[in-house]
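Only one structure is covered here, and it is reproduced in the block below.
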Amino acid sequence: MIGAVPDVDLPFRTASGDRVTLRKAVDLDLEPLVDMRSDPVGRRHLGGPVPAERVRELLTTRSIDWSTAGAGQFVVADAGTDEMLGMVVLERRPPHRPGHVVDGGNELELSYALRRAHWGKGLAREAAELLLREAAAHLPDQPVVVVTQVANSPALALAERLGFAHAGTFVEFDAEQWIGSAPLSTWAD
Ligand SMILES: CC(C)(COP(=O)(O)OP(=O)(O)OC[C@H]1O[C@@H](n2cnc3c(N)ncnc32)[C@H](O)[C@@H]1OP(=O)(O)O)[C@@H](O)C(=O)NCCC(=O)NCCS
């Protein structure tokens, strides 16, 4: 059995930025989540699209809360309309997976995904910076990593724009992965 991975100890459930809000999932997010997880382009480097009907069934069976049950899992919503645009997540990267920058693993790992209609507007960057700033205000300094397929150029470009420095490459899921790292204090006030 694989050992339990500690959750991220983040004591907030919402955060407000200029154009985006971070919040937990609500029932109205169901179809936007289906849209995001069933999009063949958006899911190209994330294991492929999941059929819309399957996502809908899963989210209905488990309840929408399940999508953001982890303390570091947030819906990115439009600050004006509250429409769900995507998700940003801070989790711990479990030691049993490849790709680490410290012995023993469990580093903070940032991931991000927006619905395709909202790419190219700087919204993912704003959401990621908001989450990192809030995390830096609540957690001790420690390394944060981003892992993305080398072929995923929009995700890699965003990691570099955020300030993550190349820390290596490795193979997982039959694909070459890039790992970037930055101290959480990068986003401290
Ligand atoms: C990775 C992903 C979130 C990046 O989204 P993105 O919109 O390209 O990222 P940003 O928020 O940084 O936006 C940058 C783009 O917005 C443009 N932009 C427009 N207005 C802007 C503004 N006000 N501020 C900043 N950038 C702005 C930038 O010029 C840039 O455009 P370019 O890509 O043509 O150079 C998106 O491609 C995605 O959801 N992919 C699928 C999921 C995935 O693979 N996730 C990776 C797992 S870690």
Side-chain angles (χ1 to χ4, degrees), residues 5 8 15-23 25 29 31-52 55 67-68 70 72-81 83-94 97-101 105-135 143-182 184 186-187:
V5 177
V8 182
S16 297
D18 290 340
R19 294 185 294 164
V20 299
T21 303
L22 306 187
R23 60 165 173 75
D29 299 330
E31 287 308 317
L33 278 164
V34 170
D35 176 54
M36 189 170 81
R37 293 186 184 159
S38 62
D39 177 11
V41 176
R43 296 281 308 177
R44 185 183 294 151
H45 303 289
L46 302 177
V50 183
V55 184
S67 307
T68 50
Q73 297 177 319
F74 293 91
V75 160
V76 179
D78 182 297
T81 64
E83 178 193 1
M84 186 207 140
L85 311 176
M87 287 193 62
V88 283
V89 173
L90 259 187
E91 288 171 317
R92 300 226 168 251
R93 186 164 182 85
R97 292 185 64 186
H100 293 283
V101 296
N106 280 331
E107 302 92 336
L108 288 176
E109 178 178 359
L110 173 72
S111 52
Y112 31 69
L114 290 189
R115 293 162 64 204
R116 193 145 42 100
H118 306 291
W119 294 8
K121 301 175 188 171
L123 295 168
R125 179 178 184 166
E126 185 178 323
E129 285 178 335
L130 181 56
L131 179 55
L132 290 164
R133 274 201 312 275
E134 291 292 330
V144 187
V145 299
V146 169
V147 175
T148 175
Q149 287 188 15
V150 171
N152 191 350
S153 33
L156 189 45
L158 174 53
E160 289 177 338
R161 274 197 294 276
L162 288 167
F164 287 87
H166 179 244
T169 55
F170 59 96
V171 173
E172 190 180 22
F173 309 125
D174 292 328
E176 190 181 10
Q177 309 283 340
W178 177 95
I179 179 166
S181 175
L184 183 60
T186 308
W187 294 278

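Order of listing sets the numbers, starting from 1, for every ligand and every atom in it. Fair warning: this is a prediction, and the values are worked out from it, not measured in the lab.
Of all heavy-atom pairs spanning Asp78 and Gly80, the tightest one is OD1-N, 2.6 Å. Heavy-atom minimum distance, Glu172 versus Pro98: OE2-CD, 3.5 Å. Closest approach of Ser38 to Pro49, counting heavy atoms only: O-CB, 3.5 Å. Between Leu130 and Ser16 the shortest heavy-atom distance is CD1-O, 3.6 Å. Nearest heavy-atom pair, Met84 versus Arg115, reported as atom, atom and distance to 0.1 Å: O-NH1, 2.6 Å. Looking at every heavy atom in both residues, Ala124 comes nearest to Leu114 through N-CD1, 3.6 Å.
Listed by number with element, the atoms of ligand 1 under 4.0 Å from a non-hydrogen atom of Pro154 are 37 (O). Here is the list of ligand 1 atoms found below 4.0 Å of a heavy atom in Ala113: 39 (O), 42 (C). Interface of Ala155 with ligand 1, defined as ligand atoms under 4.0 Å from a residue heavy atom, comprises 1 (C), 46 (C).
Closest to atom 25 (C) of ligand 1, if we only count protein heavy atoms, is Gly122 CA, 3.4 Å. Residue, atom and distance of the protein heavy atom nearest to atom 41 (C) of ligand 1 are Gly42 O, 3.2 Å. Protein heavy atom closest to atom 40 (N) of ligand 1, with residue, atom name and distance, is Trp119 CZ2, 3.2 Å. Nearest protein neighbour of atom 44 (O) of ligand 1, counting heavy atoms only, is Asn152 ND2, 2.8 Å. Protein heavy atom closest to atom 5 (O) of ligand 1, with residue, atom name and distance, is Ala124 CB, 3.8 Å. Protein heavy atom nearest atom 39 (O) of ligand 1, with residue, atom name and distance: Leu114 N, 2.8 Å. With respect to atom 47 (C) of ligand 1, the closest heavy atom belonging to the protein is Tyr112 O, 3.6 Å.
Proximity of Leu158 to ligand 1, defined as any heavy-atom pair under 4.0 Å, is confined to the side chain (atoms from C-beta onward). The proximity of Leu123 to ligand 1, defined as any non-hydrogen pair under 4.0 Å, is limited to the backbone. Contacts with ligand 1 closer than 4.0 Å are made by side-chain heavy atoms of Arg19 only, the backbone lying farther away. Residue contacts with ligand 1 for Arg161 involve side-chain atoms from C-beta outward but no N, CA, C or O (heavy atoms, distance under 4.0 Å). Only the backbone of Lys121 comes within 4.0 Å of ligand 1, judged by heavy-atom distances. The proximity of Leu46 to ligand 1, defined as any non-hydrogen pair under 4.0 Å, is limited to the side chain.
Aromatic rings of Phe164 and Trp187 (six-membered ring for Trp) have centroids within the 6.0 Å cut-off, being under it.
Using a 4.0 Å cut-off between a side-chain N of Lys or Arg and a carboxylate O of Asp or Glu, Glu126 and Arg19 qualify as a salt bridge.
No option in Val144, Thr186, Leu108 other than Val144 meets the side-chain contact (heavy atoms from CB on, under 4.5 Å) test with Leu132. Tested against His45 for a side-chain contact (heavy atoms from CB on, under 4.5 Å), the candidates Asn152, Thr148, Val150, Leu156 yield a single pass: Asn152.
By the definition of a contact as any protein heavy atom under 4.0 Å away, atom 28 (C) of ligand 1 is not in contact. Atom 19 (C) of ligand 1 lies below 4.0 Å from at least one non-hydrogen atom of the protein. Within a 4.0 Å radius of atom 34 (O) of ligand 1, the protein contributes no non-hydrogen atoms. Under the 4.0 angstrom criterion, atom 2 (C) of ligand 1 counts as lacking any protein heavy-atom contact.
Annotation: side chain of Leu162 is in contact with side chain of Arg125 (closest heavy-atom distance under 4.5 Å). Looking at heavy atoms from C-beta onward, Tyr112 lies in side-chain contact with Leu158 at the 4.5 angstrom threshold.
Checked by atom type, the side-chain pair Glu91/Gln73 shows a donor-acceptor distance below 3.5 Å.
Here the shortest heavy-atom distance to atom 8 (O) of ligand 1, taken over Gly86, Ser153, Gly120, Ser111, belongs to Gly120.
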